[in-house]
Number of protein chains: 2
Amino acid sequence: MASDDDPVPDMRGVALVDVLRAVADPIRLRIVQTLADGRQHGKCGTHWNFGVHKSTMTHHFRILRQAGLTRTTVAGRTHAIELRRDELDARFPGLIAALIAEPGGRSHRSAVGDEAYGRHPR
Amino acid sequence: MASDDDPVPDMRGVALVDVLRAVADPIRLRIVQTLADGRQHGKCGTHWNFGVHKSTMTHHFRILRQAGLTRTTVAGRTHAIELRRDELDARFPGLIAALIAEPGGRSHRSAVGDEAYGRHPR
DNA sequence: CGAACTGTTGGATGTTCGTCATACCGTCAG
DNA sequence: CTGACGGTATGACGAACATCCAACAGTTCG
């Protein structure tokens, strides 16, 4: 059943709709798209300068991990995150490939450095 | 920009994350999977006996249409719904194909006739 | 040791979402 | 015309969600 604090849930227990819900967020989608290069990425500022708070990023990383999308390895005081590409491709063929092929069409909601992410600007 | 009551939004203005948000719901995902046979389907009881209210289905159909996934044609007093397969495949290659290949793995949340859909049983 | 760094945890808050119930409107059959 | 049918509109309600802030914990380095 993959309890709440499992390091990574068993991919056989992951439903498609759970993966979709995890990826149906602008920030998390971009994380997955970035992670799709196969390499590991840190969790800190350099890569991910969305305009959100540190703990918000922790929240998104947890959502992705609990949905079975990512794996986290701890190295000293930095954590590295990685896409579970092989397992995902085995269970959901073509899904990741379809996610990383974001079309550049004239669409609102521009890229990262922009504002417009804050749902709760306060 | 595809105003709120457009019959169908322009596919060029549809972002991937919008499609994902539309599909990240158990009922709507099953609708899309069913619609993926290419045929038209009515909106009424026979096909879609999820355990939800009539107006809830209207809500889900509107989400799908506004996200650019479906097209509705009115025929007398019945409405037919249809997946915009060609346009979707052109803009998001492989996405629909990945969505309809739901793996049957040992997963919770069985098919339709079951309960477990009601998030708000009251 | 102590300070800086990296990340998590636990509220708190406002928004969005899925659902239902009721009322409403257009279409077709009698 | 009147009623049944198919579907929509509106409003309400609770759960889930994204976000922030402050406090905390493990690591590395001076």
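Chain letters run A, B, ... following the sequence lines, proteins first, then strands; residues in each count from 1.
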Asker: Return the nearest nucleotide to the side chain of Arg28(A); candidates are dG7(D), dT6(C), dA18(D).
Answerer: dA18(D)

Asker: Is the distance from OP1 or OP2 of dA16(D) to the nearest side-chain N or O of Arg21(A) less than 4.0 Å?
Answerer: no

Asker: Of all residues at least two apart in sequence or in a different chain, which pass the side-chain contact (heavy atoms from CB on, under 4.5 Å) check with Leu35(B)?
Answerer: Ile31(B), His41(B), Trp48(B), Thr70(B), Ile81(B), Leu83(B)

Asker: How many whole angstroms separate atom CZ of Phe61(B) from atom C1' of dG18(C)?
Answerer: 15 Å

Asker: Taking any heavy-atom pair under 4.0 Å as a contact, classify Thr56(B): base, sugar-phosphate, or nothing.
Answerer: base

Asker: Checking Thr58(A) now: which residues fulfil side chain to side chain donor-acceptor pair (under 3.5 Å) with it, not counting sequence neighbours?
Answerer: none

Asker: In whole Å, what is the span from the CE atom of Met57(B) to the P atom of dC5(D)?
Answerer: 20 Å

Asker: Would you kindly compare His53(B) and His60(A) by the position of their nearest DNA chain D nucleotide and give the one closer to the 5′ end?
Answerer: His53(B)

Asker: Work out which heavy atom in Ala22(A) is nearest to a heavy atom in Leu64(A); give both atom names and the distance.
Answerer: O-CD2, 4.1 Å

Asker: Quick one: does Thr58(B) reach the base of dA9(D) with a side-chain donor-acceptor pair under 3.5 Å?
Answerer: no

Asker: Which residues pass the side-chain contact (heavy atoms from CB on, under 4.5 Å) test with Ala98(B), not counting sequence neighbours?
Answerer: Leu95(A)

Asker: dT19(C), dG7(D), dT19(D): which one has an atom nearest the side-chain heavy atoms of Val52(B)?
Answerer: dT19(C)

Asker: Sequence neighbours left out, what passes side chain to side chain donor-acceptor pair (under 3.5 Å) with Ser55(B)? Give chain and number order.
Answerer: His53(B)

Asker: Rounding to a whole Å, what distance do you find between Trp48(A):CH2 and dT6(C):C1'?
Answerer: 16 Å

Asker: Quick one: Arg65(A) CZ to dG7(C) P, roughly how many Å, whole number?
Answerer: 14 Å

Asker: Is it possible for you to say whether Ile96(A) and Ile63(A) belong to one hydrophobic cluster, with membership spreading through side-chain heavy-atom contacts below 4.5 Å?
Answerer: no

Asker: Using the closest heavy atom to pick a nucleotide of DNA chain D for each, name whichever of Ser55(A) or Ala24(A) lands nearer the 5' end.
Answerer: Ala24(A)

Asker: At under 4.0 Å between heavy atoms, which parts of nucleotides 24-30 of chain D does protein reach? Answer with one letter per nucleotide, 5' to 3': B base, S sugar-phosphate only, - none.
Answerer: --BBS--

Asker: Looking only at the side chain of Arg62(A) (C-beta and beyond, no hydrogens), which of the listed nucleotides dT8(D), dT9(C), dT19(C) gets closest?
Answerer: dT9(C)

Asker: Expressed in angstrom and rounded to an integer, what is the separation of Phe50(A) atom CZ from dA18(D) atom P?
Answerer: 14 Å

Asker: Rounded to the Å, how far apart are Leu29(A) CG and dA18(D) P?
Answerer: 13 Å

Asker: When the distance from CD1 of Ile63(A) to P of dT9(C) is rounded to whole Å, what number comes out?
Answerer: 13 Å

Asker: dA16(D) C1' sits how many Å from Asp25(B) CG, rounded?
Answerer: 12 Å

Asker: Sort and list the pairs that fulfil side-chain hydrogen bond (donor to acceptor under 3.5 Å, both in side chains) and have at least one residue in residues 78-88 of chain B, not counting sequence neighbours.
Answerer: Gln40(B)-Glu82(B), Arg71(B)-Glu87(B), Arg84(B)-Glu87(B), Arg85(B)-Asp89(B)

Asker: Could you please name the option among dT19(D), dT19(C), dG7(D) that lies closest to any side-chain atom of Ile27(A)?
Answerer: dT19(D)

